[in-house]
Amino acid sequence: MTNEWDKLNKKIIACRACPRLVEWREKVAIEKRRACQEWNYWGKPVPGFGDPAGRLFIVGLAPGAHGSNRTGRMFTGDSSGDTLFGALYRTGFASQAKAYSRDDGLTLKDCFITAIGRCAPPGNKPTREELNACDPFLAQEWSLMPQVRVILALGKMAFDGSARLLRNQGYALPRLKFSHSFLSIARNIA
Ligand code: SF4
């Protein structure tokens with residue numbers, strides 16, 4: 001990763017712009033789930049992860065309280081990650097199907113995973129204001145990856161956030177309708 005990525009990731013990790021989310025992510029990290037008592041929870045915002053030269057840009061909602069908020073890496077350590085990394089492994093984007101921790105050896109090729117929100121939200125529901133506050137981080141990742149050709153949005157909120165990202169970047173998108181199991185937005189439609 002370049003200096004620009006380092007700078008961006010440090011900025012993300014240090015962010016405390018949303019008081020409700022800061023309180024929640026840190027409370028979860030202190031209290032922990034019973035099965036994870038031995039873990040030193042991350043408890044901070046989670047930066048994007050993967051191949052910065054990747055053409056596939058995967059966008060999720062936000063870290064899981066006991067998944068990414070515990071491990072510090074996107075989609076790592078919970079069942080949603082098991083599903084995602086299993087699929088990425090089968091399609092050649094991931095070096096292994098399982099993701100346990102930041103140092104489990106997993107690498108991604110031609111693929112980058114990020115989210116519209118970087119902090120675990122209570123009930124998996126960030127507010128509109130919290131997502132607005134987090135939008136610049138997604139935009140900065142996007143600007144560092146001009147080679148991206150496909151966005152894969154995981155869920156409606158990620159889909160809406162991806163469309164917001166593209167519109168803010170000046171893409172003239174047609175009216176988009178979210179649908180499960182539907183591959184979404186290609187970059188060259190501006
Ligand atoms: S959700 Fe985003 S903007 Fe809000 S505190 Fe976390 S990193 Fe900062």
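Whatever order the structure lists them in is the order used to number ligands and atoms, beginning at 1. Remember, it's a predicted structure, so these values are computed and weren't measured experimentally. Just so you know, these numbers use all the heavy atoms, side chains as well, and skip hydrogens, waters and symmetry mates.
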**OP:** Kindly write out the residues that satisfy ring pair (Phe, Tyr, Trp, His ring centres under 6.0 Å) with F57, not counting sequence neighbours, or none if the list is empty.
**Re:**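 W142.
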
Subject >> Other cluster members, Y41 - Ile/Leu/Val/Met/Phe/Trp/Tyr, side-chain contacts below 4.5 Å >> reply: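 Listed partners: W24, V28, W39.
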
Original post:
Which residues and atoms, protein N, O or S only, are under 2.8 Å from atom 8 (Fe) of ligand 1?
Top reply: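 Listed by chain and number, the atoms are C15 SG.
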
Original post:
Can you tell me if T76 uses its side chain to pair, donor with acceptor, with the backbone of G72 under 3.5 Å?
Top reply: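 No: the side chain of T76 does not pair with the backbone of G72.
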
**OP:** Please test W5 against F112 for ring pair (Phe, Tyr, Trp, His ring centres under 6.0 Å), starting from the C-alpha separation and ending with a verdict.
**Re:** CA-CA 13 Å; W5 278 104; F112 187 84; 5.2 Å; yes

**OP:** Please determine, by modelled atom types, if T107 and S95 share a side-chain donor-acceptor pair under 3.5 angstrom.
**Re:**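 T107 vs S95: donor-acceptor pair found between side chains.
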
Subject >> Contacts of R175 that satisfy side chain to side chain donor-acceptor pair (under 3.5 Å) - sequence neighbours left out >> reply: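 R175 satisfies side chain to side chain donor-acceptor pair (under 3.5 Å) with no other residue.
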
